[in-house]
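To keep things clear, I will list the structure first and then write my remarks on it.
Since we're looking at a predicted model, the values are computed, not measured. The chains referred to below are lettered A, B, ... by the order of the sequence lines, with proteins before strands, and numbering in each begins at 1.
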Amino acid sequence: MPDDLLEFPVTPTPLPAMNQTPSAPRTRFAPSPTGYLHIGGVRTALFNWLVAKGQGGQFILRIDDTDQQRNVEQALQPILEGLRWLGLDWDEGPEIGGSHGPYYQSQRGQLYQQAVQKLLETGAAYWDYATPEEVAQEREAAQREKRPWRYSRRWMAATEEQRRRFEAEGRRGVVRLKMPQEGTCVFDDLIRGRVEVPWAGEQDHVIQRADGSVLYHLASVVDDYHMQITHVIRAEEHLSNTPRQIFIAQALGYPLPRYAHLPYVAEPGSRNKLSKRKLKKYLNQPDFRKVYEAGTRIMQALGRPVDPETFNPVMVQFYRAVGYLPEAVLNYLVLLGWSLDERTEDFSREEMLRHFSLDRVNRAPASFDPAKLLAFQQRWMQRVPLAEKVRLVLPYLQEAGLVPNPLEPNAPLARRVEQVVHYAEDRITVAGDILQFAYMFQGDEEFPYNEKDFQKRLLKPAEAAELLEAFAQELEQLSPEQFLASRIQELMQQFVEKHSIKIGQIIHAVRVAVTGQAVGFGLFETLEVLGRQATLGRIRRALRLVQEKRSGE
RNA sequence: GGCCCCGUCGUCUAGCCAGGUCUAGGACACCGGCCUUUCAAGCCGGCAACACGGGUUCAAAUCCCGUCGGGGUCACCA
């Protein structure tokens with residue numbers, strides 16, 4: 001036996017861990033119904049889902065609504081929709097039930113009452129009759145004297161008689177935890193390793209309010225036990241809550257779950273926690289702004305209001321609305337704090353399930369970078385076959401009123417959608433990008449001209465209109481059947497030689513005349529898809545506009 | 001402030017536990033070039049980091065101590 005092994009200090013066994021059947025973890029995601037799904041929240045859900053489903057276990061969704069009187073159902077919908085969109089299906093929870101229900105904390109009051117009762121009986125908790133003001137006074141006094149504060153237990157009722165006395169004074173009791181005052185709480189965190197917290201720093205937390213309702217920590221511990229949760233995987237902000245939960249669990253005689261505290265997701269370019277309320281600040285960040293504005297443009301093209309309450313790159317709804325692929329969002333998210341090795345970046349759902357493990361989760365917080373998310377989106381989108389892309393893009397065209405809904409599969413317009421997606425393929429990174437090509441679906445007299453582009457390519461160059469006119473005459477020589485990209489290109493080359501001009505002198509003018517803007521996919525393809533009649537009509541409209549503007553000056 | 005956690009390119013990270021193969025690897029962003037009818041895409045190239053200071057060691061991003069910095073948490077919120 002090696003010497004250093006002999007010298008290894010004998011450590012007291014940490015708190016008993018739950019008897020593991022390592023085969024089937026049960027994890028849970030426990031959001032409170034706030035009406036939106038935060039990026040950090042989904043990542044927590046993802047990791048929980050991966051641990052459970054990667055090892056043949058169950059992923060449970062539980063709603064922490066102990067404090068909500070609002071419309072829970074309504075505030076819950078965006079969360080459920082978001083999880084479903086991403087494919088993070090739950091095995092037990094709202095809308096599907098399960099054998100450990102109900103899955104709303106507001107409906108599990110009886111379980112909590114029993115737990116409180118037991119805590120009271122065993123002396124792990126006590127009735128307390130301090131008013132909130134009295135407690136605040138104590139705390140402030142301690143603060144003034146710069147000493148650590150602990151509740152004095154002055155209004156603790158140790159006996160039934162004391163309770164009656166306090167109540168006779170008109171006081172209403174809460175139930176507090178009777179926390180240990182010395183020693184250390186030790187637990188093994190799956191991500192952080194051994195964590196030690198002195199009990200002396202813990203308060204006698206309230207677990208039941210004066211109105212009889214119960215607080216989060218109690219509910220959470222009781223539920224985790226009854227739902228047989230094996231791994232509590234949650235955000236780091238709960239790390240310092242863990243000792244009190246361990247205390248509750250042990251006092252109740254529950255085996256402990258394993259804990260894993262994920263580093264939180266930080267703001268772009270800083271170490272602060274990502275918050276949905278700081279949208280304005282994040283917009284100062286160029287990458288963030290770029291992603292947001294691209295999204296905003298899509299919403300505007302759809303005629304949807306841009307509501308900062310719901311349309312915000314900090315929330316998953318944003319990505320769904322704009323047309324990201326769930327695969328891309330998951331791929332980005334899984335790498336936010338986790339990695340497999342030094343090079344693998346592409347993870348499908350199946351690959352994540354196969355490879356994910358908590359021991360490769362990073363301990364430091366990770367900044368959210370929407371530009372990198374976009375890069376993943378681009379990669380995933382490149383792999384989507386044409387027919388599927390058409391399917392993704394269609395709802396955007398329909399909502400914008402550019403294409404009827406439903407669209408007959410064999411209608412000429414269906415063919416056009418396909419062509420546009422085909423030619424614009426590299427330019428469509430999110431489904432909503434199709435709306436950049438709205439001009440391909442608008443009437444020849446309706447599509448708008450970008451003023452700056454019109455100015456630059458048609459108005460300002462002295463010869464532009466004349467050349468355009470001449471080129472239109474050449475185009476007229478082609479029959480509708482001859483109106484093909486290759487033929488048009490040939491024609492233009494001849495045209496350029498004939499007039500001894502550079503191709504740039506005509507091609508930009510044609511593009512702006514026909515599309516209304518200076519950017520787009522291949523011009524010859526654009527003309528082909530538009531067809532002879534539309535092309536000529538649009539050029540005539542542009543020439544007319546040039547004339548109007550010139551004479552108007 | 002107490003307690004807890006964290007600290008590798010601007011960002012996500014690999015490497016750290018088992019010190020040399022690290023003149024620190026990959027990706028995003030950025031910059032430059034090629035391609036080109038525009039803008040993208042694509043291809044090629046470039047910039048760029050071990051928070052700091054002490055130890056231990058022949059050798060430290062890796063081990064130890066300290067400092068600094070950042071964050072979380074301290075509710076009759078979740």
Side-chain angles (χ1 to χ4, degrees), chain A residues 30-34 64-68 105 128 130-132 135-136 139 142-143 146-149 172-176 189 191-193 195-198 200-203 205-211 213-217 219-220 235-243 261 263-264 266 268-273 285-287 290 332 335-345 360 362-376 378 382 424-429 433 436 453 457 489 492 496 502-508 510-512 515 517-524:
Chain A
S32 49
T34 51
D64 274 9
D65 57 351
T66 46
D67 196 42
Q68 307 281 335
Q105 291 194 325
D128 184 69
T131 63
V135 175
R139 188 173 25 228
Q143 243 161 36
K146 290 203 164 42
R147 59 180 162 80
W149 174 72
R172 301 185 64 196
V174 300
V175 178
R176 283 182 185 275
D189 189 279
I191 292 167
R192 275 150 224 284
V195 177
E196 304 186 20
V197 185
E202 289 291 316
Q203 293 300 336
H205 305 281
V206 173
I207 52 173
Q208 186 182 84
R209 296 186 182 90
D211 68 5
S213 65
V214 69
L215 263 359
Y216 166 76
H217 294 291
S220 183
E236 186 191 341
E237 63 202 78
H238 286 290
L239 187 61
S240 43
N241 296 332
T242 306
H261 288 93
Y264 57 90
S270 110
R271 285 303 195 208
N272 297 334
K273 208 165 102 181
Q285 224 250 351
D287 287 342
K290 207 177 85 190
Y332 172 73
L335 291 173
L336 202 59
W338 175 83
S339 66
L340 177 64
D341 53 34
E342 72 272 25
R343 48 184 65 253
T344 318
E345 292 218 302
R360 287 197 61 88
N362 216 72
R363 279 191 282 269
S367 288
F368 175 64
D369 179 2
K372 188 151 184 171
L373 205 185
L374 222 210
F376 277 98
Q378 196 174 54
Q382 275 165 351
E425 205 165 19
D426 292 338
R427 295 150 198 277
I428 299 174
T429 51
D433 283 340
Q436 290 167 19
D453 295 339
R457 296 303 188 185
Q489 183 164 9
M492 185 172 280
V496 163
K502 281 191 278 189
I503 196 162
Q505 287 174 271
I506 179 64
I507 199 164
H508 300 303
V510 175
R511 182 186 291 283
V512 173
T515 70
Q517 57 192 48
V519 298
F521 57 89
L523 200 242
F524 308 115

Polar-atom pairs under 3.5 Å, protein N or O versus N or O of nucleotides 37-40 of chain B: list them with distances, or write none.
unit_1: U37(B); atom_1: O2; unit_2: Arg511(A); atom_2: NH2; d: 3.2
unit_1: U38(B); atom_1: O2; unit_2: Ala518(A); atom_2: O; d: 3.2
unit_1: U38(B); atom_1: O2; unit_2: Gly520(A); atom_2: N; d: 3.1
unit_1: U38(B); atom_1: N3; unit_2: Arg511(A); atom_2: NH2; d: 3.1
unit_1: U38(B); atom_1: N3; unit_2: Gly520(A); atom_2: O; d: 2.7
unit_1: U38(B); atom_1: O4; unit_2: Gly520(A); atom_2: O; d: 3.4
unit_1: C39(B); atom_1: O2; unit_2: Arg427(A); atom_2: NH1; d: 2.0
unit_1: C39(B); atom_1: O2; unit_2: Arg427(A); atom_2: NH2; d: 3.4
unit_1: C39(B); atom_1: N3; unit_2: Arg427(A); atom_2: NH1; d: 2.9
unit_1: C39(B); atom_1: N3; unit_2: Arg427(A); atom_2: NH2; d: 2.5
unit_1: C39(B); atom_1: N4; unit_2: Arg427(A); atom_2: NH2; d: 3.4

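Using P as the reference atom, G71(B) and C30(B) are 27 Å apart when rounded to the nearest Å. As rounded to the nearest Å, C64(B) and C16(B) have P atoms that lie 14 Å from one another. Taking the C1' atom of each, C47(B) and C28(B) are spaced 15 Å apart, rounded to whole Å. Using P as the reference atom, A29(B) and C44(B) are 15 Å apart when rounded to the nearest Å. Taking the C1' atoms as reference points, C43(B) lies 49 Å from U56(B), given to the whole Å. Nucleotides G15(B) and C68(B), compared at atom P, are 30 Å apart to the nearest Å. As rounded to the nearest Å, G32(B) and U23(B) have P atoms that lie 31 Å from one another.
Counting any heavy atom pair closer than 4.0 Å across all strands shown, Val206(A) reaches sugar-phosphate atoms only and no base atom. Contact annotation for Leu215(A): backbone-only contact, meaning every heavy-atom pair under 4.0 Å involves sugar-phosphate atoms and none involves a base. Among the atoms of the strands shown, none is found under 4.0 Å from any heavy atom of Pro286(A). Heavy atoms of Glu196(A) sit under 4.0 angstrom from primed sugar atoms or phosphate atoms, though from no base atom. Using a 4.0 Å heavy-atom criterion, one finds that Pro132(A) contacts the bases of the nucleic acid, with or without backbone contacts as well. Within 4.0 Å (heavy atoms only), Gln517(A) reaches no atom of the nucleic acid at all. In this structure, His205(A) reaches neither bases nor backbone, as no heavy-atom distance under 4.0 Å exists between it and the strands shown. Counting non-hydrogen atoms under 4.0 angstrom, Arg139(A) reaches the backbone sugars and phosphates but no base. Base contact: Ala210(A) has a heavy atom under 4.0 Å from a base atom. As judged by a 4.0 angstrom heavy-atom cut-off over every strand, Ala136(A) is placed among residues making no nucleic acid contact. Residue contacts shown for Asn241(A) include a base, since a base heavy atom lies under 4.0 Å away.
When both pairing distances are held under 3.5 Å, U56(B) makes no Watson-Crick or G-U pair with any nucleotide shown. For C47(B), there is no paired base (Watson-Crick or G-U wobble, both distances below 3.5 Å). Base pairing of G7(B): its partner is C68(B), meeting the Watson-Crick or G-U wobble criterion (both donor-acceptor distances under 3.5 Å). Across all strands shown, U37(B) remains unpaired; no Watson-Crick or G-U wobble contact has both distances below 3.5 Å. With both pairing distances under 3.5 Å, G2(B) is matched to U73(B) as a Watson-Crick or G-U wobble pair. Nucleotide C17(B) forms a pair with no other nucleotide shown, judged by Watson-Crick or G-U wobble geometry with both contacts under 3.5 Å.
Nearest nucleotide to the Ala371(A) side chain, out of A29(B), C5(B), G71(B): A29(B). The side chain of Arg360(A) approaches A14(B) more closely than any other nucleotide in the set A78(B), A14(B), G26(B). Each of C12(B), C6(B), C4(B) was ranked by its minimum atom distance to the side chain of Ala364(A); first place goes to C6(B). For Arg271(A), whose side chain is taken as the heavy atoms from C-beta onward, the closest listed nucleotide among A29(B), C3(B), U8(B) is U8(B). Comparing C3(B), C6(B), A14(B) against the side chain of Arg363(A) picks out C6(B) as the nearest.
Among all heavy-atom pairs drawn from Glu236(A) and His261(A), the shortest one is CA-CB, 4.1 Å. The nearest pair of heavy atoms linking Asp453(A) to Ala518(A) is OD2-N, 3.0 Å. Taking both residues in full, the closest heavy atoms of Pro268(A) and Ser367(A) are given as CA-CB, 4.4 Å, listed atom of the first, atom of the second, then distance. Residues Glu345(A) and Leu335(A) share a closest heavy-atom pair of O-CD1, 3.4 Å.
In this structure, OH on Tyr264(A) lies 7.0 Å from CG on Asn272(A), to the nearest 0.5 angstrom. Rounded to the nearest 0.5 Å, atoms CZ (Phe368(A)) and OH (Tyr332(A)) are 5.5 Å apart.
Between the side chain of His217(A) and the base of A78(B), a donor-acceptor pair under 3.5 Å is found.
Phosphate contact (OP1/OP2 of C12(B), side-chain N/O of Ser367(A), threshold under 4.0 Å): present.
The closest donor-acceptor contact from the side chain of Gln203(A) to the backbone of Trp149(A) lies under 3.5 Å. A donor-acceptor pair under 3.5 Å is formed between the side chain of Thr515(A) and the backbone N or O of Arg511(A).
Geometrically, Arg360(A) does not engage Trp338(A) in a cation-pi contact, judged by NZ or CZ lying under 6.0 Å from the ring centre and within 45° of the ring axis.
Under the 6.0 Å cut-off for aromatic ring centres, His238(A) and Tyr216(A) qualify, their centroids lying closer than that.
As a whole-Å value, the separation of Asp341(A) CG from A27(B) P is 13 Å.
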